[in-house]
**Q** 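Quick one: the structure is below, questions incoming.
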Number of protein chains: 2
Amino acid sequence: MAAGGLKMIQNMMEQLPASERKIAEFILENPQTVLNSTVQDIGVQAHTSGAAVIRLCKSLGLNGFQDLKVRIAGDLVKPVEQGYRDIEPGESFFSIVQKTTSNSIQSIRDSEEMINFEELERAVHTLSAAQNVHFFGIGASGIIAKDAQQKLLRIHKNATAFTDTHLVATLIANASQEDVVFGISHSGETSEVMKIMALAKERGVKTISLTKYGQSSVSSMADIKLFTSYSSEAPFRSAATSSRLAQLYIMDILFLSMATVQYEDTIHSIDKTREAIRFIKEGK
Amino acid sequence: MAAGGLKMIQNMMEQLPASERKIAEFILENPQTVLNSTVQDIGVQAHTSGAAVIRLCKSLGLNGFQDLKVRIAGDLVKPVEQGYRDIEPGESFFSIVQKTTSNSIQSIRDSEEMINFEELERAVHTLSAAQNVHFFGIGASGIIAKDAQQKLLRIHKNATAFTDTHLVATLIANASQEDVVFGISHSGETSEVMKIMALAKERGVKTISLTKYGQSSVSSMADIKLFTSYSSEAPFRSAATSSRLAQLYIMDILFLSMATVQYEDTIHSIDKTREAIRFIKEGK
DNA sequence: TCCTCTTTGAAACTACATTTCAATATTTTT
DNA sequence: AAAAATATTGAAATGTAGTTTCAAAGAGGA
């Protein structure tokens with residue numbers, strides 16, 4: 001989407017090397033300046049080089065300086081942030097509902113901003129072309145995987161979603177080049193998912209990841225990287241809550257994009273699925 | 001400021017020479033495209049030249065193409081639309097994302113409005129008091145059930161979530177009065193869920209339902225009725241999409257409410273869960 | 001019809017984003 | 001502690017894309 005550049009920078013801060021961090025700090029302090037400056041300008045003003053600016057853009061997962069510029073421009077016209085609010089003991093039902101609503105919406109909005117359209121497009125095409133899609137996630141992410149599988153099956157795309165590592169390993173060991181492995185892990189550091197991604201990579205099977213925004217083991221192994229907003233999980237100890245909504249949201253976008261690309265086919269499949277369900281249910 | 005590019009173009013329209021007007025029209029129709037295209041690209045796509053794009057920028061009183069780009073980026077960050085919008089064939093990725101975002105947010109907002117706080121409170125107390133919670137749903141709702149189970153287990157509440165009707169039937173047949181059966185069905189007319197609810201009722205086991213808003217077989221059998229917004233599913237044939245988010249959202253509220261009611265215990269449980277996971281992972 | 005003023009796009013030009021690379025710092029290994 | 005491997009850095013080279021120029025074509029007026 002056309003915003004979120006500043007948030008991306010904030011989230012990446014700690015993971016950046018010195019020169020890029022200088023640039024990052026400069027930009028956070030002078031976002032407006034970025035819009036009217038050249039890469040070299042910014043480099044000099046932040047007491048480092050222009051190359052560092054480009055490197056920062058790449059570190060953020062963006063395609064280049066133009067991309068960053070556009071996202072920052074978006075940030076500058078946005079109304080004030082809502083932000084996440086944690087839930088505290090002895091809170092009323094009313095305010096729990098309010099906070100949950102606003103946190104949920106916020107995590108969807110933030111994830112929207114993180115979307116890299118080119119990456120999304122590549123994901124859609126890769127999935128559309130795949131013979132089989134193997135979703136894999138553990139715990140909460142395993143549920144997202146199951147959900148995604150159900151969706152793909154609905155539009156006639158073969159998909160698996162197991163949570164047994166050994167089983168999946170066997171599956172991938174025998175997978176064809178036409179298959180795609182889709183690893184889901186909010187933290188991006190779930191060891192099971194990492195192993196599966198590594199195996200897929202080694203076997204030359206295409207991989208897609210869905211993790212929180214930022215550098216992580218899982219995403220760095222993936223050919224195509226999709227992200228949910230980083231902060232989703234941050235504030236409440238209350239277990240994976242918003243992050244799950246955001247993951248589903250991204251999956252919805254993927255699914256709907258695939259469906260749109262092959263619209264006619266899809267409508268047909270969904271209708272047939274409905275018929276099949278009705279048939280089983282009502283026997284007619 | 002960093003916006004208003006599109007409005008500028010609209011205002012200038014009549015005063016523009018043919019070639020620039022072609023560009024102007026193209027931009028108004030494909031503002032998103034502008035952000036990822038070069039001047040030459042746009043020239044060609046609008047059946048004229050790149051030079052015309054620059055001339056348009058100058059005619060608008062801007063300093064150049066970058067300036068226009070930044071302003072259009074600002075324009076595209078508009079507040080979310082109200083209402084549901086269906087997704088159509090040949091839609092751009094950009095607008096799929098926009099519509100999915102607004103539909104998702106809308107379904108959460110609408111579900112918030114549907115909440116009956118008294119019913120919510122009863123649900124929370126019933127669940128908190130339960131010895132065992134049996135979640136049950138088929139298909140997409142089965143995933144919500146699994147998710148809910150995971151959440152409850154995290155806070156030390158026994159919960160099951162099977163999709164096998166016979167298995168669940170046996171479970172309920174042997175359930176104690178301290179148990180709760182939680183039926184999930186978006187339509188409220190899934191026959192398997194209806195049967196389970198009926199069985200629970202007959203056995204005198206407490207029941208909670210989560211369905212779309214309105215009268216339905218499942219909800220009418222439940223002691224406590226929770227709802228998601230009706231319209232969630234309405235507009236797109238594109239399979240259960242927003243409805244699922246809304247269901248999760250309601251579950252989040254339930255979970256967080258339960259967690260708040262027994263805050264200290266919960267924090268403790270979550271920490272213990274984390275420790276357990278870390279232990280398994282890292283062996284320390 | 002001829003002249004003047006405007007518009008147009010191809011090509012030349014220029015500026016700036018991006019890549020490369022050698023030097024340097026940092027971490028890991030032995 | 002030394003050596004090797006790895007990561008970081010900015011200056012310079014490169015390539016891409018924005019901008020300007022200019023000759024040709026078109027529009028309007030005398």
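These numbers come from the heavy atoms of this one structure, side chains and all, not from hydrogens, waters or symmetry mates. By convention in this document, chain letters (A, B, ...) are assigned in the order of the sequence lines, proteins followed by strands, and residues within each chain are numbered from 1.
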**Q** List the residues meeting ring-ring contact (aromatic ring centres under 6.0 Å, His included) with Phe135(A), not counting sequence neighbours, and say none if there are none.
**A** Phe182(A)

**Q** Could you list the residues that satisfy side-chain contact (heavy atoms from CB on, under 4.5 Å) with Gln66(A), not counting sequence neighbours?
**A** Lys69(A), Gln66(B), Lys69(B)

**Q** Side-chain polar contacts of residues 20-28 of chain B - donor-acceptor pairs under 3.5 angstrom, sequence neighbours left out - could you list them?
**A**
residue: Glu20(B); atom: OE1; partner: Ser59(B); partner atom: OG; Å: 2.6
residue: Arg21(B); atom: NE; partner: Met13(B); partner atom: O; Å: 3.4
residue: Arg21(B); atom: NH2; partner: Glu14(B); partner atom: O; Å: 3.0
residue: Arg21(B); atom: NH2; partner: Leu16(B); partner atom: O; Å: 3.0
residue: Lys22(B); atom: NZ; partner: His47(B); partner atom: O; Å: 3.4

**Q** Could you list all the side-chain hydrogen bond (donor to acceptor under 3.5 Å, both in side chains) pairs where at least one residue sits in residues 124-142 of chain A, not counting sequence neighbours?
**A** His134(A)-Thr160(A), His134(A)-Asp179(A)

**Q** Starting at atom CG of Leu62(A), determine the distance to atom P of dA17(C), rounded to an integer number of angstrom.
**A** 15 Å

**Q** How many Å lie between CG on Asp67(B) and P on dA15(C), as a whole number?
**A** 18 Å

**Q** Quick test of your reading: applying salt bridge (charged side-chain N to carboxylate O under 4.0 Å, His left out), list the pairs with at least one residue in residues 28-55 of chain A, sequence neighbours left out, ordered by first then second residue.
**A** none

**Q** Using a 4.0 Å cut-off on protein heavy atoms (strictly under), produce a 5'-to-3' string for nucleotides 5-20 of chain D with B for base contact, S for backbone-only sugar-phosphate contact, and - for none.
**A** ---SBBB-----SBBB

